[in-house]
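In what follows, a structure is listed as structure tokens, so that the remarks can point back to it.
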Amino acid sequence: ESARAFGVVLERLDDDVWGRPTPCAEWSVRDVVNHVVAEHLWVPHLLRGESLQEVGDRYDGNVLGDSPAQARRAWQMAMLGSLQAWAQVDDVEQLVAFSGGEHPAGEYAHQMLVDLVVHAWDVAQGGGVAVPVITDAVGVAFVYEPPLWVDGVGFALVSVLLLVAV
């Protein structure tokens, strides 16, 4: 559902907002979407047991194309490949090599969920659209990645959780 929600956010974006800033420092709406699409392009490779070196730099740079329509299509294709790869995982304890070393596939899944939840909100904020909040996904993400507090101010998932409470 979180992948679908991210796609809904992309569909709601007007074509002229892709260059706007987001809550992710120094990243525009387009930059955040490019990051999420690239991450999902990596998923089938990593779940098949390929190393970071084997995948290499094939998803560095622009993976979206030149227009918002191409970017939306790139998301759909990356999401489809990612979901198909996740559907093939029989053992959440199988080791997957990704940034930060080797971790169980279940850990990787949690990290991907957190990224979808947070970045759907980032893109929605930058694009000035509503984000369809998946309460269960936000709850799981909050448990997995508690918010950071600096000088009494909460960052990251606190903002997303406020959307649920409103």
Side-chain angles (χ1 to χ4, degrees), residues 1-7 9-10 21-65 71 74-126 131 133-151 153-164:
E1 286 189 56
S2 294
R4 184 187 53 77
F6 189 85
V9 170
L10 297 187
T22 67
C24 288
E26 300 180 24
W27 276 7
S28 68
V29 167
R30 188 180 201 294
D31 295 333
V32 175
V33 174
N34 193 75
H35 162 74
V36 173
V37 170
E39 282 197 336
H40 284 270
L41 289 170
W42 275 83
V43 168
H45 301 282
L46 299 181
L47 291 179
R48 279 194 306 261
E50 293 179 42
S51 70
L52 298 175
Q53 294 76 21
E54 288 172 315
V55 178
D57 62 1
R58 70 182 85 180
Y59 301 122
D60 289 356
N62 177 15
V63 297
L64 299 181
W75 164 247
Q76 291 168 350
M77 297 307 295
M79 176 190 58
L80 179 60
S82 179
L83 292 175
Q84 287 175 336
W86 282 110
Q88 300 302 312
V89 173
D90 293 327
D91 180 9
V92 295
E93 295 301 320
Q94 84 179 42
L95 292 180
V96 179
F98 58 96
S99 59
E102 281 193 344
H103 299 280
E107 170 78 9
Y108 184 34
H110 276 104
Q111 289 188 16
M112 295 297 288
L113 175 65
V114 169
D115 221 45
L116 277 172
V117 169
V118 171
H119 288 318
W121 181 81
D122 292 330
V123 170
Q125 291 298 297
V131 58
V133 177
I134 311 298
T135 306
D136 289 345
V138 172
V140 169
F142 182 78
V143 169
Y144 177 79
E145 184 76 30
L148 303 174
W149 293 90
V150 178
D151 296 329
V153 178
F155 293 95
L157 289 175
V158 168
S159 300
V160 174
L161 291 172
L162 289 175
L163 289 174
V164 175

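Contact of the Val37 side chain with the Tyr59 side chain is not registered, since no non-hydrogen atoms from C-beta on lie closer than 4.5 Å. You'll find the side chain of Phe6 reaches within 4.5 Å of the side chain of Leu10, heavy atoms only.
To the nearest 0.5 Å, atom CD of residue Glu102 and atom OG of residue Ser51 are 10.0 Å apart.
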Let me see the working for Glu39 and Met112 under side chain to side chain contact (heavy atoms under 4.5 Å, CB included), right down to the final yes or no. CA-CA 8 Å; Glu39 282 197 336; Met112 295 297 288; 4.1 Å; yes
Assess whether side chain to side chain contact (heavy atoms under 4.5 Å, CB included) is satisfied between Val9 and Trp121, documenting all intermediate values. CA-CA 9 Å; Val9 170; Trp121 181 81; over 6 Å; no
Decide side chain to side chain contact (heavy atoms under 4.5 Å, CB included) for Leu41 and Arg58; before the verdict, give the C-alpha distance in whole Å, the side-chain angles of both, and the deciding distance to 0.1 Å. CA-CA 10 Å; Leu41 289 170; Arg58 70 182 85 180; over 6 Å; no
Output side-chain donor-acceptor pairs under 3.5 Å for residues 79-98, partner residues at least two apart or in another chain, one line each.
from  : atom 1 : to    : atom 2 : distance (Å)
Ser82 : OG     : His40 : ND1    : 3.0
Asp91 : OD1    : Glu93 : N      : 2.9
Gln94 : NE2    : Leu47 : O      : 3.2

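Contact between Val29 and Thr22 at its shortest, heavy atoms only, is N-CG2, 3.4 Å. Minimum heavy-atom separation, Asp31 to Glu26: OD2-O, 3.9 Å.
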